[in-house]
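The structure under discussion is supplied below as structure tokens; questions concerning it will follow.
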Amino acid sequence: MTIAAYLGRIGLPHLLGAPATADNLRVLHAAHVEKVAYEALEIWLDRPTSVDPAESAARILRGRGGYCFHLNGAFHALLTGLGYDVTRHVGGVQSRGDEPNVGANHLVLTARGLPSPENPGGEWLVDVGLGDALHEPLPLVAGAYRQGPFTYGLRPSEVAPGGWRLEHDPSGSFLGMDFGPEAAEMSAFDKQHHHLTTSPESGFVRVCSVARRDGSGVDQLRGLTLSRIGASRIGASRTGASRTGASRTGAAADELTLDTARDYFAALADVFCLPLDDVGQEEKDRLWRRLHSAHESWLAGRAT
């Protein structure tokens, strides 16, 4: 990975050699979540991955994304290369029905030494790997923070002494995330990475998930269902999928079912910045068959 190539990938080549400041961190964070999708397509393509940041960064430079271990791992390498003081932490995302935890199913970053008027202490929660959550870093100060359609809460963690808890907005995909204060090596996430990418109990294995955050909301693709939270962007000019007759389903105004392979791959390219240039046609055909079969099984389950 070269820093210049990475900055080019997220549309910020002018930040090469720029000082490490809170404002520049904010710009880097926002550009990363807008240009690099949160995605677990490699699982459904039967392509094993590791948590090695160099491997993750190389995949990002090829136009792809990843999930938290990949995205935050690579972002840590980028920020470190740009002169930021950044630390990795073991975290735990709390899904609905679960208890708060620090179970290493999430990699968290913090940055320090970046004071700003709203954050004189200069410590920040940095997380480009939460899918539908942060668009910009949050001051590591207890309080409520609004970003687009979401309001987040930040407070000391009750399960990780000395750590922090992020409360997601009620409309978000998870309840919250806790992380401890200790610095972590990437090896701390090996076991959970294996589970999340191979276990039938993993949400990534059960449902092919893609998300991309922007300043006004988040686009999400779960299986063949494309949805939007925030300012509406699904419409006649939004994607190749909507232009070619994808059907609306469910109660949400901004929800589409992608009925054909053409719709699906057009949405990946147009909405999520994922043209899949590294995926051959045979792999795409196989991926579509798997997705369509899983969608049919889901529909059959709803009907019973």
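Residues: numbered from 1 along the sequence shown. Computed from a predicted structure; not experimentally measured.
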Can you confirm whether Trp124 sits close enough to Arg26 that some side-chain heavy atom of one is under 4.5 Å from a side-chain heavy atom of the other?
yes
Rounded to the nearest 0.5 Å, what separation is found between the NE2 atom of His292 and the CG atom of Leu287?
13.0 Å
Side chain proximity check, Leu25 to Tyr84, heavy atoms < 4.5 angstrom:
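In short, these two side chains touch, coming nearer than 4.5 Å.
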Report the distance from atom NE2 of His76 to atom CG of Leu71, rounding to the nearest 0.5 Å.
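One finds 14.5 Å between NE2 of His76 and CG of Leu71.
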Between CG of Leu224 and CG of Leu291, what distance do you get to the nearest 0.5 Å?
5.5 Å
Take atom CD of Glu282 as the centre, draw a 6.0 Å sphere, and report whether it contains more than 12 heavy atoms from other residues, nucleotides or ligands.
no
Distance-only donor-acceptor check, side chains Asp52 and Ser50, under 3.5 Å:
no
Judged by modelled atom types alone, do Asn101 and Asp178 share a side-chain donor-acceptor pair under 3.5 Å?
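No, no side-chain donor-acceptor pair sits under 3.5 Å.
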Give me the one residue out of Thr198, Asn105, Thr49, Leu107 that meets side-chain contact (heavy atoms from CB on, under 4.5 Å) with His193.
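Exactly one candidate clears the test, Thr49.
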Taking CZ in Arg286 as the centre, count heavy atoms belonging to other residues, nucleotides or ligands within less than 6.0 Å. Is the count above 12?
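Correct, the count exceeds 12.
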Can you tell me how far the CZ atom of Arg222 sits from the OG atom of Ser209, to the nearest 0.5 Å?
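Going from CZ on Arg222 over to OG on Ser209, the span is 4.5 Å.
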Do Leu276 and Leu41 come within less than 4.5 Å of each other through their side chains, counting heavy atoms only?
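Touching, per the 4.5 Å side-chain cut-off.
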Within-4.5 Å side-chain heavy-atom neighbours: Glu34 and Ile10
no
Donor-acceptor pair, Asn72 side chain versus Val128 backbone, under 3.5 Å?
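The answer is yes, because a donor-acceptor pair under 3.5 Å joins these two groups.
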Looking only at side chains, do Gln281 and Asp285 share a donor and an acceptor under 3.5 Å apart?
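Short answer, yes.
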Side chains of Phe189 and Val90: closer than 4.5 Å at any heavy-atom pair?
yes
To the nearest 0.5 Å, how far apart are CD in Gln192 and OG in Ser199?
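It is 9.5 Å, given to the nearest 0.5 Å.
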Give the C-alpha distance, both sets of side-chain angles, the deciding distance and a yes or no for ring pair (Phe, Tyr, Trp, His ring centres under 6.0 Å) between Tyr67 and Phe204.
CA-CA 10 Å; Tyr67 73 107; Phe204 293 138; 4.6 Å; yes
Contact summary for Thr110 and Leu140, nearest pair of heavy atoms:
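Where Thr110 meets Leu140 most closely, the heavy atoms are CG2-CD2, 4.2 Å.
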Mind telling me whether His168 and Phe174 have parallel, tilted or perpendicular rings, with 30° and 60° as the class edges?
tilted
Side chains of Val36 and Arg64 in contact at under 4.5 Å (non-hydrogen atoms)
no
Nearest 0.5 Å, what's the CD-CH2 distance between Glu39 and Trp44?
14.0 Å
Other residues, nucleotides, ligands: >12 heavy atoms within 6.0 Å of Glu158 CD
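No, not enclosed.
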Does the side chain of Arg96 come under 3.5 Å of the side chain of Ser173 through a donor N or O and an acceptor N or O?
no
Between Val126 and the options Leu134, Val86, Leu79, Leu138, the side-chain contact (heavy atoms from CB on, under 4.5 Å) test singles out Leu79
Do the side chains of Arg88 and Glu185 get nearer than 4.5 Å, heavy atoms only?
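A side-chain contact exists here, since the closest heavy-atom pair is under 4.5 Å.
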Is the shortest side-chain heavy-atom distance between Thr87 and Val108 below 4.5 Å?
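Thr87 vs Val108: side chains apart.
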Would you check if the distance from the ring center of Tyr152 to the ring center of Tyr145 is below 6.0 Å?
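Between Tyr145 and Tyr152, which both carry aromatic rings, the centre distance is not below 6.0 Å.
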Do Leu130 and Val102 sit in the same hydrophobic cluster, where Ile, Leu, Val, Met, Phe, Trp and Tyr count as joined when their side-chain heavy atoms come under 4.5 Å apart?
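No; tracing contacts between hydrophobic side chains, which count when under 4.5 Å, never links both residues.
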For the ring pair Phe179 and His106, is the centre-to-centre distance below 6.0 Å?
no
If hydrophobic clusters are built by linking Ile, Leu, Val, Met, Phe, Trp and Tyr wherever their side-chain heavy atoms come under 4.5 Å apart, do Val218 and Leu268 end up in the same one?
no
By the definition side-chain hydrogen bond (donor to acceptor under 3.5 Å, both in side chains), identify the one residue from Arg47, Arg59, Arg62 that meets it with Asp278.
Arg47
